[in-house]
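As structure tokens, the structure follows; a few thoughts come after it.
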Amino acid sequence: RIPRILGPTLSKAGKFPTALTDNDDVAQKITELQSTIKFQLKKVLCLNTAIGHVKMTEEEIYKNLVLSINFLCSLLKKKWQNVKCLYIKTTMGHPIRIY
């Protein structure tokens, strides 16, 4: 009864719980979900996503950045032709244009 009532709302917000079986490793599932990013392409012209955290090295952040940009472009119909500009920004810093 609860999934039927709350399901649509939780799914839209991306907060729907993930089912675990007896054979699943909980720590591995948590790590997998923490390392997953979600792109929500709606009617807006701007898209923000997290690609790293403070404990990551510059090389790891760079790999995440390249991977996420290439994945985003693969979702778009005209690939890189739909991208006007790209910025990278830290939490408290100024945005830096990279494309």
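For this chain, numbers begin at 1 and follow the sequence in order.
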Pairing residues for [X] by the side-chain contact (heavy atoms from CB on, under 4.5 Å) criterion, not counting sequence neighbours:
| X | result |
| --- | --- |
| V83 | C73, L76, W80, L86, Y99 |
| T57 | E59, E60 |
| I61 | I51, M56 |
| Q28 | D25 |

Check your understanding: Of all residues at least two apart in sequence or in a different chain, which pass the salt bridge (charged side-chain N to carboxylate O under 4.0 Å, His left out) check with K79?
Key -> none
Point to revise | Counterpart residues, salt bridge (charged side-chain N to carboxylate O under 4.0 Å, His left out), relative to E58 (two or more places apart) | key: none
Revision key, fill the gap. CD1 (I98) and OH (Y87) are apart, to the nearest 0.5 Å, by 10.5 Å
Revision key, fill the gap. Output for pair (L67 CG, L72 CG), nearest 0.5 Å, gives 11.5 Å
Review point. With ILVMFWY side chains joined below 4.5 Å, transitively, what does V54's cluster contain besides itself?
Key: none
**Study point:** Residue pairs fulfilling salt bridge (Lys or Arg N to Asp or Glu O under 4.0 Å) with at least one residue in residues 80-99, sequence neighbours excluded
**Key:** none
Review point. What's the shortest heavy-atom distance between T90 and G93, and which atoms?
Key: OG1-N, 3.0 Å
